[in-house]
There are 2 protein chains.
Amino acid sequence: MASVIRLLVLGVFRKHGGTTHGYAVHRQLAEWKVETWTSVKVGSIYHALKQLTKEGKLRAIATEESPEGPGRTIYELTENGEAEFFVLLEQALSSFDLEQLGAGVAFMEELRLERVVELLKGSLKRARKNRELLDGLAPTVANRSDPPHTKDLLELWSGHLSATASWTTDLIRRLEVGEYQFRDENPPN
Amino acid sequence: MASVIRLLVLGVFRKHGGTTHGYAVHRQLAEWKVETWTSVKVGSIYHALKQLTKEGKLRAIATEESPEGPGRTIYELTENGEAEFFVLLEQALSSFDLEQLGAGVAFMEELRLERVVELLKGSLKRARKNRELLDGLAPTVANRSDPPHTKDLLELWSGHLSATASWTTDLIRRLEVGEYQFRDENPPN
DNA sequence: TCAACGCTATTCAACATTGACTACCTCGGT
DNA sequence: ACCGAGGTAGTCAATGTTGAATAGCGTTGA
């Protein structure tokens, strides 16, 4: 699932009014400390730009000679790209993969609050189901002390899913008590 | 870090006496339920075999016409490959990445018990340090309720590291009370 | 008997990722 | 005046990943 970088790139384009260049994306992601909660690398940004362009989700509109340093290629978000953004966003918020889920949360206010809660509850359900699956597998594998220690490994993942689930639960609670301001809400007075 | 698949492949070779073919590796990994605790895919096995061969860590010794189905290429583990296995194994047991750590644990009895405990303690220390780093970053980022919600995302990772750390702590405890049988130990009587 | 399915065993092309490299500019210090 | 560090902006080749495709063989049930 390589869609994290694509979601991030498209999200930055929206935040920047639909028009930017690679380095600005880079700076924005750095400002957001994205390296701490994903494994995206700088090089991938430019690849994503090219790939998204090839797919008609971005359009290269100019090569600006920047005052400082080399010229930059300016891209523009297309309608197709907008659509892709929302597809990826919904996917991300439905996932229980750390990076995916994180990237989704970063842009969650682009959806309606109710929709976000709905998707997160789906993610939670899936995480729990997966956890039960792992726990259910445990009796079918060999002893904990026998290599390759599948039982131990299943527990490692189970614990990880558990941690994700409680974080998500907490986030849903905060969303439901209105701790986050969404565009379509009235501010509390 | 793509080394998980390489460690797994080399590990299967050792378990199979240093000589096997791709499909056997595939079956072994399936038997170990590796898909549940890593994201390795079948296709990657064959790539790893070729790459390791190019690097002199495996040697293609024959193309056997198998009784059922197509012919299989038999590979043999070289001395170079043995060395690589131990490098990757130590790396994996020092990591706090889920897949990496898991793959390391799967083959941990190839090292001495004391060494495994030492490496796991290192991993634990690194995980804790990383967690502190994330927690230390929290005050420097914007409000939890401001996009991209970096604070929330840092907490997600912090929780994840926490879960990994307690699993590792538990494993170390079990290792230290002798719940796992290592080759160089005397069986308890 | 024979079609459909699933197992055996691998290849391949398309796509993604990475890190190193290029190259240009500014600014502060010596 | 010149050097080095660091910011700006991106390319590229090597490497890795994925899913689909290929293709032969055995089994089973209609």
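Worth knowing before you read on, the calculation uses all heavy atoms, side chains too, and leaves out hydrogens, waters and symmetry mates. Everything numeric here is computed off the predicted structure, so don't read it as measured data. Numbers restart at 1 for each chain; the letters A, B, ... are given by sequence-line order, proteins then strands.
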Note: contacts of residues 47-55 of chain A with DNA chain C (heavy atom, under 4.0 Å) are A:His47, A:Gln51
OP1, OP2 of C:dA9 versus side-chain N and O of B:Thr73: anything below 4.0 Å? no
> Hey, does B:Ser39 reach any base, or is it just sugar-phosphate, or nothing, if we go heavy atoms under 4.0 Å?
Replying inline: sugar-phosphate
Report the C-alpha distance between B:Glu82 and B:Lys57 in whole Å, list the side-chain angles of each, state the deciding distance to 0.1 Å, and finish with yes or no for salt bridge (Lys or Arg N to Asp or Glu O under 4.0 Å). CA-CA 8 Å; B:Glu82 292 263 322; B:Lys57 281 142 192 172; over 6 Å; no
* Would you find more than 12 non-hydrogen atoms of other residues, nucleotides or ligands less than 6.0 Å from B:Lys33 atom NZ? -> no
Checklist entry - Can you check whether B:Tyr46 has a side-chain N or O nearer than 4.0 Å to OP1 or OP2 of C:dT11? => result no
From CZ of B:Arg72 across to C1' of D:dG24 the rounded distance in Å is 14 Å
message = For a 4.5 angstrom cut-off between non-hydrogen side-chain atoms, does A:Leu111 reach A:Leu119?
response = yes
With sequence neighbours left out, the residues meeting side-chain contact (heavy atoms from CB on, under 4.5 Å) with A:Ser39 are A:Lys41, A:Glu99
Taken to the nearest whole Å, CD1/A:Ile45 to C1'/C:dG19 is 14 Å
A:Leu29 CG to C:dT17 P, in whole Å, measures 14 Å
A:Glu35 atom CD is separated from C:dT18 atom P, nearest whole Å, by 14 Å
Practice item. State whether A:Arg27 places a side-chain N or O below 4.0 Å from either non-bridging phosphate oxygen (OP1 or OP2) of D:dG7. Key: no
Closest of D:dG10, C:dT17, C:dA9 to the A:Ile5 side chain is C:dT17
Q. Between A:Tyr23 and A:His21, what is the ring plane arrangement, given parallel below 30°, perpendicular above 60°, and tilted in between?
A. parallel
B:Val42 has its side chain closest, among D:dT18, C:dT10, C:dA16, to C:dT10
Next on the checklist: By the 4.0 Å heavy-atom rule, please label B:His21 as base, sugar-phosphate, or nothing.
Outcome noted: sugar-phosphate
When rounded to whole Å, the OH to P distance for the pair B:Tyr23 and D:dA23 reads 18 Å
Using only heavy-atom distances, determine whether the side chains of A:Asp152 and B:Tyr180 contain a donor-acceptor pair under 3.5 Å. yes
Any side-chain N or O of A:Lys41 below 4.0 angstrom from OP1/OP2 of C:dT17? no
* To do: Look at all strands and tell whether A:Gly22 reaches a base, only sugar-phosphate, or nothing, counting heavy atoms closer than 4.0 Å.
  => sugar-phosphate
(message) Checking B:Arg115 against B:Glu118 for the salt bridge (Lys or Arg N to Asp or Glu O under 4.0 Å) test, could you report, in this order, the C-alpha distance in whole Å, the side-chain angles of both residues, the deciding distance, and whether it holds?
(response) CA-CA 5 Å; B:Arg115 183 61 180 151; B:Glu118 196 180 329; 3.0 Å; yes
